[in-house]
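Below, chains carry the letters A, B, ... as their sequence lines are ordered, and counting in each starts from 1.
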2 protein chains.
Amino acid sequence: MARPKSPLLTTGLIAHAALELIDSGEPFGVNALARRLGVRPSSLYNHVSGREEIIELVRGLISRSYDFTSADVHALPWPEAIEEYLRLERRMYTEHPNLLPLIATLTVTDDTAIAAYDGLATMLVRAGFPDDDVLVVMQLLDAFALGAGLDYAAPGDIWRPLGETAHLGRLLETAAPGRERSDRAFELGIRVLVSALQDMLTERTQGAAARTAD
Amino acid sequence: MARPKSPLLTTGLIAHAALELIDSGEPFGVNALARRLGVRPSSLYNHVSGREEIIELVRGLISRSYDFTSADVHALPWPEAIEEYLRLERRMYTEHPNLLPLIATLTVTDDTAIAAYDGLATMLVRAGFPDDDVLVVMQLLDAFALGAGLDYAAPGDIWRPLGETAHLGRLLETAAPGRERSDRAFELGIRVLVSALQDMLTERTQGAAARTAD
DNA sequence: ACCTGAACACCGTTCAAGT
DNA sequence: ACCTGAACACCGTTCAAGT
């Protein structure tokens with residue numbers, strides 16, 4: 001059974017199995033993935049260059065399963081469109097919490113994922129942000145979504161004080177569970193960020209109007 | 001040389017060497033660390049429970065080297081104190097970019113790190129945030145600092161479009177380098193978040209005052 | 001073209017043996 | 001108490017051999 005008549009593997013099958021493995025909670029790895037696929041680890045290298053490309057394939061698979069470039073979203077007024085976008089990104093992370101630590105440190109190259117970010121860039125350009133600011137704002141929004149996702153993915157709790165504290169220990173004892181707090185923190189952040197972006201833009205426009213009026 | 005008269009290792013030495021290894025850019029690992037310490041990997045297990053405890057030791061070492069509980073900071077008006085705190089956290093991450101991916105998914109238990117977060121909690125309590133909101137706000141701020149740090153630590157660039165894009169490709173070509181953008185995104189975020197916290201608090205107070213006046 | 005098998009240089013962790 | 005050495009079950013990747 002050296003070479004099967006029809007290939008056992010495709011990048012699609014690899015990506016699916018990889019996502020399954022990641023969502024299962026078991027540690028992700030090339031060997032573990034090969035086991036799941038009923039194949040030898042070396043076989044995978046006929047289809048991908050290695051571990052990182054597999055993870056990038058998973059980013060693509062999952063990006064395709066959330067509708068980041070929906071026409072409905074782009075038809076919304078931009079502040080709402082951005083809100084929808086961030087909520088979708090957040091949902092992607094919370095529904096696949098183990099994926100985030102794997103993709104967070106990897107350059108985004110997958111086409112679908114790039115298209116999603118390109119859609120966000122388009123929203124901001126159309127909203128009227130100057131070119132110099134678009135990537136900065138995107139980086140801010142992405143940092144927020146990423147950080148919020150990591151918070152959510154955190155095991156049990158983010159903080160576990162072992163000794164005395166002035167307030168932290170008490171607050172943790174009486175507080176809502178971590179994920180509920182994570183939801184509230186996200187809602188707070190989204191409100192704050194979007195309204196700050198609106199301010200940025202009206203300040204700009206008013207400033208320009210004032211200068212024109214001079 | 002089975003048992004030396006004076007121990008070759010201490011948790012302090014382990015933490016220092018681990019931070020050196022991390023900052024060197026080589027992949028972090030127990031075996032690589034043991035090599036650096038001139039010792040067998042199994043020797044480390046006389047002092048720590050394993051890889052995760054070593055990383056938590058590094059968190060402690062580095063937290064001690066940034067003055068998170070400085071009296072000066074706590075003497076500032078709370079919005080400035082929070083700004084200083086976030087700047088310090090960010091500086092810690094940018095000065096040790098390889099550390100962040102290691103600690104981001106680990107529960108914080110180290111005393112000094114907990115003390116830093118406890119200091120932040122104290123700032124918020126003193127500022128007048130109700131108990132129910134303190135952890136939520138902390139989680140928001142921490143998510144932001146974490147995400148911003150990851151952005152900064154990203155290899156080369158965050159996005160690398162391989163095909164056509166509506167705007168993203170063009171923006172990336174003309175834009176300032178990634179780390180400069182990361183700085184601007186952080187500055188923007190810090191301004192937005194702190195002013196939003198001020199709004200939260202004055203709304204509350206005004207609301208309370210209005211209700212009292214009724 | 002695509003899978004296997006063997007090989008390589010790694011991991012993190014355990015544990016008996018030695019002083 | 002604290003280090004070594006051997007062992008274990010893993011990693012990710014390369015490459016010649018087979019069809």
- Pair partner, D/dT19 [Watson-Crick or wobble, under 3.5 Å]: C/dA1
- Applying the 3.5 Å cut-off to both distances, the Watson-Crick or G-U partner of C/dG12 turns out to be D/dC8
Can you tell me how far [atom2] of [N] sits from [atom1] of [X], to the nearest Å?
X	N	atom1	atom2	value
B/Ile14	D/dC2	CD1	P	11 Å
B/Leu44	D/dC3	CG	P	9 Å
B/Leu8	D/dA1	CG	P	17 Å

- Message: Centroid separation under 6.0 Å, is that true for the rings of B/Tyr117 and B/Phe68?
- Response: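 When the ring centroids of B/Phe68 and B/Tyr117 are compared, they turn out to be at least 6.0 Å apart.
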- Message: As a quick check of understanding, evaluate side-chain hydrogen bond (donor to acceptor under 3.5 Å, both in side chains) for B/Glu89 and B/Tyr66, giving each step before the final call.
- Response: CA-CA 8 Å; B/Glu89 185 174 354; B/Tyr66 293 81; over 6 Å; no
- Message: Under a 3.5 Å threshold, yes or no: a donor from one side chain and an acceptor from the other, between A/His47 and A/Thr11?
- Response: no
- Message: Under a plain distance cut-off of 3.5 Å, with no hydrogens placed, do B/Asp23 and B/His96 share a side-chain donor-acceptor pair?
- Response: yes
- Task: Can you establish whether the number of heavy atoms outside A/Gln198 located under 6.0 Å from its atom CD is more than 12?
- Result: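 Buried by this count: over 12 neighbours within 6.0 Å.
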- Message: Using a 4.0 Å heavy-atom cut-off to protein, can you give one letter per nucleotide of nucleotides 8-15 of chain C, 5' to 3': B if the base is in contact, S if only the sugar-phosphate is, - if neither?
- Response: ---BBBBB
- Query: For C/dA1, does either OP1 or OP2 sit under 4.0 Å from a side-chain N or O belonging to A/His47?
  - Reply: no
- Message: Taking only side-chain N and O atoms of A/Arg40, does any of them lie within less than 4.0 angstrom of OP1 or OP2 on C/dC3?
- Response: no
- Message: Do the side chains of A/Arg184 and B/Asp133 get close enough for a salt bridge, i.e. N-O under 4.0 angstrom?
- Response: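 Salt bridge present between A/Arg184 and B/Asp133.
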